[in-house]
Amino acid sequence: CLYTLYIYLKMAPKSKPDLVTRDYTIHLAKRTHKTTFKSKTPKAIKEIKKFAEKAMGTKDVRISTDVNKFVWSQGVRNPPKRVRVRLSRKRNEDEDAD
């Protein structure tokens with residue numbers, strides 16, 4: 001399954017193109033290896049955000065409910081080994097956004 005992860009652009013428009021969509025497979029098993037059981041899935045969510053920040057070059061990352069439900073579907077101790085996501089960089093519509 002392919003899940004959508006939205007990234008909102010908070011940078012100058014010259015630095016990167018506004019609307020970009022790419023598909024990635026994030027290998028969560030290697031990112032949550034040697035982690036305590038009760039913090040595996042929360043760490044997986046943080047690692048997805050970190051991956052999206054690095055891939056898209058922006059700090060404003062919002063995980064859709066589909067991605068969140070999929071990662072939490074097997075409980076706190078056993079997140080999925082991999083997740084296939086579609087990262088979409090969008091223009092932030094807030095006037096007060098940095």
Side-chain angles (χ1 to χ4, degrees):
C1 275
L2 188 65
Y3 296 95
T4 307
L5 183 68
Y6 296 108
I7 288 90
Y8 288 86
L9 187 63
K10 273 186 146 181
M11 302 172 66
K14 294 176 210 151
S15 60
K16 298 211 189 288
D18 280 352
L19 302 173
V20 176
T21 301
R22 294 191 199 111
D23 294 344
Y24 290 100
T25 301
I26 304 174
H27 189 77
L28 295 177
K30 75 176 185 182
R31 289 174 170 86
T32 59
H33 184 62
K34 289 192 175 178
T35 305
T36 311
F37 272 148
K38 293 297 182 180
S39 57
K40 267 189 187 278
T41 301
K43 183 170 183 177
I45 296 289
K46 288 175 192 149
E47 290 292 327
I48 291 172
K49 283 187 177 183
K50 191 168 125 185
F51 180 88
E53 284 178 13
K54 187 176 176 186
M56 289 294 172
T58 180
K59 289 287 181 191
D60 190 5
V61 175
R62 302 174 195 182
I63 294 184
S64 68
T65 55
D66 294 338
V67 176
N68 194 43
K69 283 181 182 177
F70 176 72
V71 173
W72 280 94
S73 64
Q74 298 173 9
V76 70
R77 292 171 48 144
N78 188 25
K81 302 287 184 244
R82 289 178 183 81
V83 61
R84 186 102 173 117
V85 293
R86 174 168 287 146
L87 301 182
S88 301
R89 188 189 301 129
K90 297 183 174 183
R91 193 81 185 129
N92 198 345
E93 297 300 328
D94 281 341
E95 298 85 28
D96 58 345
D98 294 338

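Side chains are part of it too, since the values below use all heavy atoms of this structure and drop only hydrogens, waters and symmetry mates.
- Here the NZ-CD1 distance, from Lys49 to Ile63, works out to 5.5 Å after rounding to the nearest 0.5 Å.
- Of all heavy-atom pairs spanning Leu87 and Ala55, the tightest one is CD1-CB, 3.9 Å.
- The minimum heavy-atom distance linking Pro80 with Val71 is given by the pair CD-O, 3.5 Å.
- Separation of atoms NZ (Lys30) and CD (Glu47) is listed at 10.0 Å; rounding is to 0.5 Å.
- Using modelled atom types, no side-chain atom of Thr32 and backbone atom of Thr41 make a donor-acceptor pair closer than 3.5 Å.
- The only member of Lys46, His27, Arg31, Met56 that meets side-chain contact (heavy atoms from CB on, under 4.5 Å) when paired with Phe51 is Arg31.
- The two atoms that bring Lys40 and Pro79 nearest to each other are CB-CD, 3.9 Å, heavy atoms only.
- Annotation: side chain to side chain donor-acceptor pair (under 3.5 Å) contacts of Thr36 (sequence neighbours excluded): none.
- Under the side chain to side chain contact (heavy atoms under 4.5 Å, CB included) criterion, Arg77 pairs with Phe37, not counting sequence neighbours.
- Smallest separation of non-hydrogen atoms from Lys90 and Leu19: CA-CD2, 4.0 Å.
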(message) Quick one, Val67 with Ile45, criterion side chain to side chain contact (heavy atoms under 4.5 Å, CB included). Give me CA distance, side-chain angles, the key distance, then yes/no.
(response) CA-CA 9 Å; Val67 176; Ile45 296 289; 5.6 Å; no
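- Atom CZ of Arg82 is separated from atom CD1 of Ile26 by 12.5 Å, given to the nearest 0.5 angstrom.
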